[in-house]
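Each chain gets a letter, A, B and so on, in the order the sequences are listed, and its residues count up from 1. Just so we're clear, the structure is a prediction, and the values are computed from it rather than from any experiment.
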There are 2 protein chains.
Amino acid sequence: MNAIVPPLSGMACDACAIRNRAICADLRADELDILNRLGRRRRLRGGEQLLWEGEEAVLVANVVDGVLKLSTQTGDGKEQILGLAYHSDFLGRPFGETTPYGVEALTDATVCVFQQRDFDQFARTHPRLEHKLLERTLAELDRTRRWMLLLGRMNAEQKLAHFLLELADSLDQTCSKTQDAHVAFNLPLSRQQIADVLGLTIETVSRQLTRMRKEGLIDLPARRKVTILQHRALEDRAGMAVQNG
Amino acid sequence: MNAIVPPLSGMACDACAIRNRAICADLRADELDILNRLGRRRRLRGGEQLLWEGEEAVLVANVVDGVLKLSTQTGDGKEQILGLAYHSDFLGRPFGETTPYGVEALTDATVCVFQQRDFDQFARTHPRLEHKLLERTLAELDRTRRWMLLLGRMNAEQKLAHFLLELADSLDQTCSKTQDAHVAFNLPLSRQQIADVLGLTIETVSRQLTRMRKEGLIDLPARRKVTILQHRALEDRAGMAVQNG
DNA sequence: CGTGGCGTTGAACTACGTCAATGCATGTGG
DNA sequence: CCACATGCATTGACGTAGTTCAACGCCACG
């Protein structure tokens with residue numbers, strides 16, 4: 001009865017990696033089928049831009065895999081990254097005029113994109129989807145507010161420690177846990193991008209990382225690789241490191 | 001047919017000051033009547049706490065009037081104010097376990113509170129309300145992200161300028177516009193609280209304010225009063241002040 | 001008229017930013 | 001395989017915005 005139309009460029013929602021984690025969780029098969037036809041998969045290369053800050057809001061999307069950054073700019077061109085988006089995160093601004101932030105893929109990524117117009121209409125007529133979206137937005141608001149604390153009240157060391165811990169956590173599908181709770185992962189961001197996330201400069205990021213390395217908290221086997229050696233100690237630094245004499 | 005049960009401690013939604021601005025806008029009379037019976041008005045004195053960070057999420061609320069602060073704390077007890085809530089803003093965490101931030105009234109305030117459980121259930125069965133809540137949450141997320149830019153990338157002068165302009169804007173019901181676009185209003189926050197909002201110290205706030213006063217941008221007729229004398233100039237400072245020699 | 005909160009002001013310190021040199025990979029062309 | 005160019009990362013030296021510490025002023029309130 002359904003699914004004769006080729007959905008999502010040949011990739012059905014049923015088989016989607018984030019089927020049960022994204023906002024499309026809880027949808028019935030027939031609803032999913034409709035959504036299936038509205039959206040399409042899109043592969044992004046690292047560095048590719050999906051949404052531009054201030055443009056008309058024409059697209060919304062779900063992250064299937066990869067890491068993307070949400071960012072905005074100050075009057076004088078300094079960038080502030082507003083957050084990172086991982087698998088099953090939602091991107092874009094439904095029910096709004098303009099996209100409030102730019103979205104760029106940091107790694108190669110897959111997203112499931114919708115015309116905002118179509119998506120809005122579908123959402124308005126499918127309360128279960130809208131409810132999912134609401135829950136996700138509320139959670140995102142919580143997450144964003146926790147970042148405010150980081151930006152407003154933490155020093156460079158705490159910021160870096162937090163950043164590494166959160167990244168390790170968000171990536172734990174990808175990263176390999178060796179014995180002794182060592183966690184190794186690939187950094188999806190350059191030093192400059194880390195600086196933009198944390199409201200620091202590239203030099204401060206670099207200095208803090210090498211300091212943590214020298215202190216044995218982490219290892220930096222390559223530019224884009226990090227290993228967390230002392231998870232607990234790193235948590236202490238994130239919490240409130242008092243570096244007295 | 002409806003409204004025999006005394007609603008909201010004798011105050012019906014129909015007559016509510018924020019009837020058409022809060023999430024209850026767009027509700028039909030009969031829906032509103034149900035909501036009416038679920039909620040109750042509560043008056044708060046300045047300084048009174050409505051929600052505590054980390055507690056079980058039992059209440060949600062709408063701000064009717066007054067100014068409240070949302071805040072969280074670092075491990076070492078420093079406070080970061082996550083935002084201010086004005087009339088028709090929504091407070092609390094529906095569909096969640098714990099309240100992610102503390103809420104305290106800065107001025108005397110009136111709120112319309114609901115048991116989270118009741119509210120959640122009503123929302124889930126009334127898509128129009130849930131849609132309103134979604135729109136509001138999305139807007140709040142946008143607003144929060146703009147604050148991140150402020151916290152992460154602005155200097156003290158810009159932060160203060162932004163703060164005063166936003167406050168003047170949010171309070172424009174209350175504040176008196178004299179000729180020459182002068183805007184006078186009462187500060188709902190102490191210097192310490194302003195510092196907590198902006199991620200600064202009380203001394204820096206004080207110094208910046210007196211500097212702006214000396215430069216003729218604002219006047220400070222009393223501790224808790226501000227007059228904006230040169231609105232445009234203040235906007236320039238907020239945007240990107242290059243203070244060269 | 002004292003007492004206790006805020007707020008302001010000053011002086012010294014410091015974490016981070018800025019500027020500039022150097023290091024270290026990866027790629028390209030001889 | 002080497003020379004060298006290019007782009008990111010590291011490291012150092014120095015400057016400064018904002019913090020910290022401390023004294024003092026102002027005003028409300030008993």
Side-chain angles (χ1 to χ4, degrees), chain A residues 46-47 74 76-80 106-107 150-161 163-164 186-215 218-226 237 240-245, chain B residues 46-47 74 76-80 106 150-164 186-215 218-226 237 240-245:
Chain A
T74 54
D76 66 333
K78 269 188 263 182
E79 181 172 36
Q80 173 67 50
L106 294 175
T107 61
L150 179 139
L151 289 174
R153 285 292 182 215
M154 290 186 183
N155 62 28
E157 179 179 45
Q158 295 174 304
K159 286 179 178 180
L160 256 300
F163 172 77
L164 292 176
N186 291 320
L187 262 184
L189 298 85
S190 68
R191 297 291 189 270
Q192 181 59 61
Q193 287 168 331
I194 297 173
D196 291 335
V197 172
L198 300 177
L200 297 170
T201 58
I202 183 173
E203 294 93 336
T204 302
V205 171
S206 183
R207 278 189 259 264
Q208 289 296 333
L209 286 178
T210 56
R211 178 142 151 270
M212 286 178 179
R213 182 173 54 71
K214 283 177 184 164
E215 292 179 351
I218 60 171
D219 190 23
L220 303 167
R223 289 190 165 181
R224 291 295 192 111
K225 287 186 193 302
V226 179
R237 300 301 172 95
M240 217 320 141
V242 187
Q243 48 219 350
N244 44 14
Chain B
T74 54
D76 65 333
K78 270 190 258 179
E79 183 172 34
Q80 173 66 50
L106 294 174
L150 179 138
L151 288 174
R153 286 296 186 207
M154 290 185 183
N155 62 29
E157 179 178 45
Q158 295 174 304
K159 286 180 178 180
L160 255 301
H162 261 277
F163 172 77
L164 292 176
N186 292 321
L187 261 184
L189 298 85
S190 69
R191 296 291 188 271
Q192 181 60 61
Q193 288 167 331
I194 297 173
D196 291 336
V197 171
L198 299 176
L200 297 170
T201 58
I202 182 172
E203 294 94 334
T204 304
V205 170
S206 183
R207 279 188 258 266
Q208 288 295 335
L209 285 177
T210 56
R211 178 145 151 268
M212 286 179 179
R213 182 174 54 71
K214 282 178 183 164
E215 292 178 351
I218 60 171
D219 191 23
L220 302 167
R223 288 190 166 183
R224 291 295 193 111
K225 285 184 196 301
V226 179
R237 300 301 173 96
M240 216 329 141
V242 188
Q243 46 217 352
N244 45 13

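If you check distances only, the side chain of A:Arg211 never reaches the base of D:dT11 with a donor-acceptor pair under 3.5 Å. Side-chain to base pairing of B:Arg213 with C:dT9: no donor and acceptor N or O lie closer than 3.5 Å to each other.
Taking 4.0 Å as the cut-off between side-chain N and carboxylate O, A:Asp219 and A:Lys225 do not count as a salt-bridged pair.
Put simply, CG on A:Leu151 is 16 Å from P on D:dG18, counting in whole angstrom units. One interatomic measurement links the two molecules: CD of A:Gln208 to P of C:dG17, which rounds to 10 Å at whole-angstrom precision. Look at CD on B:Glu203: it is 15 Å from C1' on D:dG25, rounded to the nearest Å. In this entry the distance linking CG of B:Leu160 with C1' of D:dG18 reads 13 Å, nearest Å. Between B:Leu220 atom CG and C:dG7 atom C1' there is a gap of 11 Å when expressed in whole angstrom units. Counting to the nearest Å, the C1' atom of C:dG17 and the CD atom of A:Glu157 are 18 Å from each other. Atom CG in A:Leu209 sits roughly 14 Å away from atom C1' in D:dC8 (whole-Å rounding). In this structure, A:Arg207 places its CZ atom 14 Å from C1' of C:dT14, rounding to the nearest Å.
Side-chain proximity of B:Ser206 to D:dG18, C:dT9, C:dT18: nearest is C:dT9.
Between the side chain of B:Thr210 and the backbone N or O of B:Ser206, at least one donor-acceptor pair lies under 3.5 Å. A donor-acceptor pair is defined here as one N or O able to donate and one able to accept, closer than 3.5 Å; such a pair exists between the side chain of B:Arg153 and the backbone of A:Glu79.
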Could you please spell out the steps behind the side chain to side chain contact (heavy atoms under 4.5 Å, CB included) verdict for B:Asn186 and B:Arg224?
-> CA-CA 6 Å; B:Asn186 292 321; B:Arg224 291 295 193 111; 5.6 Å; no
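Contact annotation: B:Thr204 does not reach the phosphate of D:dG18 (side-chain N/O to OP1 or OP2, under 4.0 Å). For A:Thr210, a side-chain nitrogen or oxygen approaches OP1 or OP2 of D:dT11 to under 4.0 Å.
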Every protein N/O within reach of nucleotides 2-6 of chain C N/O, cut-off under 3.5 Å:
residue, atom, partner, partner atom, Å
C:dC6, O2, B:Arg223, NH1, 3.4
C:dC6, O2, B:Arg223, NH2, 2.9

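A:Leu200 places a side-chain heavy atom less than 4.5 Å from the side chain of A:Leu160.
Axis orientation changes by 20° from one end of the helix from C:dC1-D:dG30 to C:dG30-D:dC1 to the other, with each end axis drawn from 5 pairs and the value rounded to 10°.
We find the CG-OG1 distance between A:Leu187 and A:Thr107 to be 12.0 Å, quoted to the nearest 0.5 Å. To the nearest 0.5 Å, atoms CD (B:Gln193) and CD1 (B:Ile202) are separated by 10.0 Å.
Partner of A:Arg211 under the side chain to side chain contact (heavy atoms under 4.5 Å, CB included) criterion, out of A:Glu215, A:Arg207, A:Lys214: A:Glu215 alone. B:Glu157 pairs with exactly one of B:Arg237, B:Gln208, B:His162 by the side-chain hydrogen bond (donor to acceptor under 3.5 Å, both in side chains) rule, that one being B:Arg237.
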